[in-house]
Number of protein chains: 2
Amino acid sequence: MENQGQRGFSKAEIPDPKAWLDGTPPAESDPRVERLVNELIGRVADKWTMLILELLEEKGTLRFTEIGRQVEGISQKMLTQTLRQMERDGLATRTVHPVVPPRVDYALTPLGNSLSAAFCGVWIWAERHLAAVEEARARFDAL
Amino acid sequence: MENQGQRGFSKAEIPDPKAWLDGTPPAESDPRVERLVNELIGRVADKWTMLILELLEEKGTLRFTEIGRQVEGISQKMLTQTLRQMERDGLATRTVHPVVPPRVDYALTPLGNSLSAAFCGVWIWAERHLAAVEEARARFDAL
DNA sequence: TGCTATAGACACCGAAAGGTAAGAAATGGA
DNA sequence: TCCATTTCTTACCTTTCGGTGTCTATAGCA
């Protein structure tokens, strides 16, 4: 993979799955930054994005149809759209091989890997507390 | 509701803000559970939910209009809807005081606190990598 | 009497998300 | 010759999201 000179930070900073935990506590209150962060999270916390992120994290490099097959329920339109967006946000790379049935490979960038690691906490939370949420819902709906 | 027998852990497990970090790696591959988890994350990763979660985490207990004032841009409809949903999911409590201009207080449950803690990682990620994402976008859009 | 304030419920309506389906482009194989 | 394959794009249409505006109940107050 050649591209993506992520200019500001070195690759060495990312590989550690817990890298996002050290230093820099959430002590921040600039409303402009906060707005940008909100917007970014809103885009990135998208259902399909999270699923594709997980899949690529686990499987490495995959081609278009492969992802479509493994992310159950996604339409081709959403797949294209989501991948394009991830590429634009610098989360994934898109490599086109100029062969005649087209072949396009997708893989995570270091940035994508770090996001995947950050989401890990939410993922674990959901797994661990799924039952609690369902129980709460049942209790709520019973009234 | 058709609870898949996921019950089996006590409330006492939740209060620690870092509880979601210890043990239990994401080693899990039951497609049914995975679907439920996806759905849960999709619901919980909602924009307004995240903002209210943050606000209540920071401020403690707040009443309806207070939240409306501090979550900039939310409509009354969305506020009601989101709070109702959070209550249903067991993330927040709703306390009605039978006084004459009505007064209703909202606060996070331990479950809500733990979710807030889990999202913390994503917030930090977004803060730290905001510039990288914007740079990636600029590069992408320049083509 | 009539006005205000609080926490909603409810209906209407435009905008946006997302699904379906068709087509395009290029080439090897039946 | 014609079809299948792969990765999209585009058009069309339905469903959902979310904003606005109206209505309620009740007590205090002018």
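Numbers restart at 1 for each chain; the letters A, B, ... are given by sequence-line order, proteins then strands.
- Distances from the side chain of A:S75 to the nucleotides C:dA7, C:dG19, D:dC8 place C:dG19 closest.
- Residue B:R43 contributes atom CZ, which lies 14 Å from atom C1' of D:dC17 at whole-angstrom precision.
- Rounded to the nearest 0.5 angstrom, A:T82 OG1 and A:M50 CE are separated by 13.0 Å.
- A:Q81 places its CD atom 15 Å from the C1' atom of C:dT20, with the value rounded to the nearest Å.
- In this structure, CG in B:L56 is found 6.0 Å from CE in B:M86, a value given to the nearest 0.5 Å.
- Taking atom CH2 of B:W48 as the reference point, atom C1' of D:dG19 lies 11 Å away to the nearest angstrom.
- Rounded to whole angstrom, the span from the CZ atom of B:R94 across to the C1' atom of C:dA7 amounts to 8 Å.
- Using a 4.0 Å cut-off between a side-chain N of Lys or Arg and a carboxylate O of Asp or Glu, A:D141 and A:R139 do not qualify as a salt bridge.
- Going from atom CE of A:M78 over to atom P of C:dT20 covers 12 Å, rounded to whole Å.
- Remark: C1' of C:dC10 and CZ of B:R84 are 14 Å apart, rounded to the nearest angstrom.
- A:Q76 places its CD atom 11 Å from the C1' atom of C:dG19, with the value rounded to the nearest Å.
- For the residue pair A:E66/A:Q70, the side-chain donor-acceptor check at 3.5 Å is satisfied.
- Atom CD in B:Q85 sits 5.5 Å away from atom CZ in B:R43 (nearest 0.5 Å).
- Side-chain proximity of A:Y106 to D:dC8, D:dG21, C:dT6: nearest is D:dC8.
- Closest heavy-atom contact between A:W125 and B:A118: CB-CB, 3.7 Å.
- We find that NE2 of B:H97 is positioned 12 Å from P of C:dG8, with the value rounded to whole Å.
- A close approach under 4.0 Å does not occur between any side-chain nitrogen or oxygen of A:R63 and OP1 or OP2 of D:dT6.
- For the atom pair A:E134 CD and A:L130 CG, the distance stands at 4.5 Å (nearest 0.5 Å).
- For the pair A:K77 and A:P101, both in contact range of DNA chain D, the more 5′-proximal nearest nucleotide belongs to A:P101.
- Both B:V96 and A:V100 lie near DNA chain C, and the one whose nearest nucleotide falls closer to the 5' end is B:V96.
- For the helix from C:dT1-D:dA30 to C:dA30-D:dT1, the rotation axes defined at the first and last 5 base pairs enclose an angle of 40°, given to the nearest 10°.
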